[in-house]
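The structure under discussion appears below in the form of structure tokens.
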There are 2 protein chains.
Amino acid sequence: MIIEGELEPGKRIYEGPLCERLGVSRTPLREALRYLASEGLVDLTPQRGASVRQFSAKDIQDMLVLIRTLEELAGRLACEEGSDEEISEVRQLHNEMLVYYREGNRLDYYKTNQRIHSAIVALSHNESLIQVHASLQSKLKRVRFIGHEGKEKWAAAVAEHEAMIRALERRDASALVAALSAHLEHAWERVRDVV
Amino acid sequence: MIIEGELEPGKRIYEGPLCERLGVSRTPLREALRYLASEGLVDLTPQRGASVRQFSAKDIQDMLVLIRTLEELAGRLACEEGSDEEISEVRQLHNEMLVYYREGNRLDYYKTNQRIHSAIVALSHNESLIQVHASLQSKLKRVRFIGHEGKEKWAAAVAEHEAMIRALERRDASALVAALSAHLEHAWERVRDVV
DNA sequence: CAAATTCAAAATGTATACATTATACGTTGG
DNA sequence: CCAACGTATAATGTATACATTTTGAATTTG
């Protein structure tokens, strides 16, 4: 609900109404809120309860800087650790994404895009890295989903992805890192205006 | 209690006894457990409750690889973003640590050591980076605390720290990154045997 | 004798009740 | 008329009670 914008950033999360909405009692809801607080999606203030975490432009930029570094590391590891089979699965996701691109299906394109990045990170076989990346990605989901790209930027993003996949298939770590790095550099330009 | 080893890795965490021990009811304890689960310190299995997360040697190594990359990023940012005052505070912590080293006070040495690394990361002024680093560091606390170094390795670690601080004071990013990187490379050698 | 089964004890998952604290509105005093 | 206060309402924080599931051991069965 936070990611999809149903709960607005900065707004308080009242337990009572949300319990009714979800059909559960306060106990499991509160446990979930504590979990989300640790994930960084909600703020907890003593005696005032939970509110939807609000990210400033600097927060977003900082997260993108961090996720870029994480994906660079993941890219290097992926070239070493990823199996041929795993790499071909990434290629398959990429082909799937191209279909959505040609159809102009932005939602499924976006979802597949995220899955590709997660899949590349998964190739690192570094569980901590995978977890931290997933946590960051979920926080960025909302803003990146809102950030709508123009036609030419979209085409550029697809080209960057193509370069990524090819570098991965050649297991060319420096090319992959460069492609990932450029891609996430541009990600900031794409969301800069909406935050 | 997890970090200090009072709760053994892999062992289940029974709510009842722990509630008595802490003097609280199950509700707030369970909320805390959900929080710790998100932090990665405990595992939650449906219908079986919580258990202390157990890290394999590969888990530890992967975390050290990740924390090394994070500190490298932090080091670069620290040289750009850190104020002179903040840097001098790090120097002060370093001097404090040297006293503990000369006294042979391992516990306080170790604590100050951690504070220095956190302080350098804080100089990045990147809140996400600070949080992720802190979370990882807390998971590694237990193993790194157990990892007891020999006299010569200890001396080497102190020398590495000295290099770090000097590079930071010169705002020499590449020197700082190299020093941090070497330091964390050796960290694995120091804990390798105990995991 | 081993394996499967049954049943009681105890654990987790959820709901509800109560205490405490914050909040908002109406009232009173300057 | 505005500000400050007090009270009522509603929120959060915690404890407890109840339902369901797991667990372990004794018993039964092949």
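Lettering follows sequence order; numbering is per chain, from 1.
Shown for residues 24-31 of chain A: residues whose heavy atoms fall under 4.0 angstrom of DNA chain D, namely A:R26, A:R30. Near DNA chain D, meaning a heavy atom under 4.0 Å from it, residues 13-20 of chain A has A:I13, A:Y14, A:E15 in order of number. The stretch residues 36-45 of chain B has no heavy atom under 4.0 angstrom from DNA chain D at all.
With B:W154 as the aromatic partner, B:R190 does not meet the cation-pi criteria of under 6.0 angstrom to the ring centre and within 45 degrees of the ring axis.
Taking the six-membered ring for Trp and the full ring otherwise, the centers of B:H133 and B:H117 sit at least 6.0 Å from each other.
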Exercise for the section: May I have the step-by-step check of salt bridge (Lys or Arg N to Asp or Glu O under 4.0 Å) for A:E80 and A:R76, ending in yes or no? Expected result: CA-CA 7 Å; A:E80 297 171 18; A:R76 279 195 300 275; over 6 Å; no
Practice task
Would you sort out whether A:E162 and A:R166 count as a salt bridge (Lys or Arg N to Asp or Glu O under 4.0 Å), showing the intermediate values?
Solution key: CA-CA 6 Å; A:E162 182 65 40; A:R166 279 221 287 271; 3.3 Å; yes
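Considering only residues two or more places apart in sequence or on other chains, B:R171 meets the side-chain hydrogen bond (donor to acceptor under 3.5 Å, both in side chains) condition with B:D84. Checked against side-chain hydrogen bond (donor to acceptor under 3.5 Å, both in side chains), B:E169 has the following partners two or more places apart in sequence or in another chain: B:R91.
Using a 3.5 Å distance cut-off with no hydrogens or angles, the side chains of A:S124 and A:E81 do not pair a donor with an acceptor. No side-chain donor from either of A:E39 and A:Y35 sits under 3.5 Å from a side-chain acceptor of the other. Donor-acceptor pairing under 3.5 Å is lacking for the side chains of B:Q131 and B:S128.
Within the 4.5 Å cutoff, side-chain heavy atoms of A:R115 are placed close to those of A:E96. In this structure the side chain of B:Y109 never reaches within 4.5 angstrom of the side chain of B:V99, judged on heavy atoms.
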Please produce a list of atom pairs where a protein N or O lies less than 3.5 Å from an N or O of nucleotides 19-23 of chain C.
unit_1	atom_1	unit_2	atom_2	d
C:dT23	OP1	A:R48	NE	2.9

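Each of B:T112, B:I165, B:N113, B:L168 was compared with B:H94 under the side chain to side chain contact (heavy atoms under 4.5 Å, CB included) criterion, and only B:I165 meets it.
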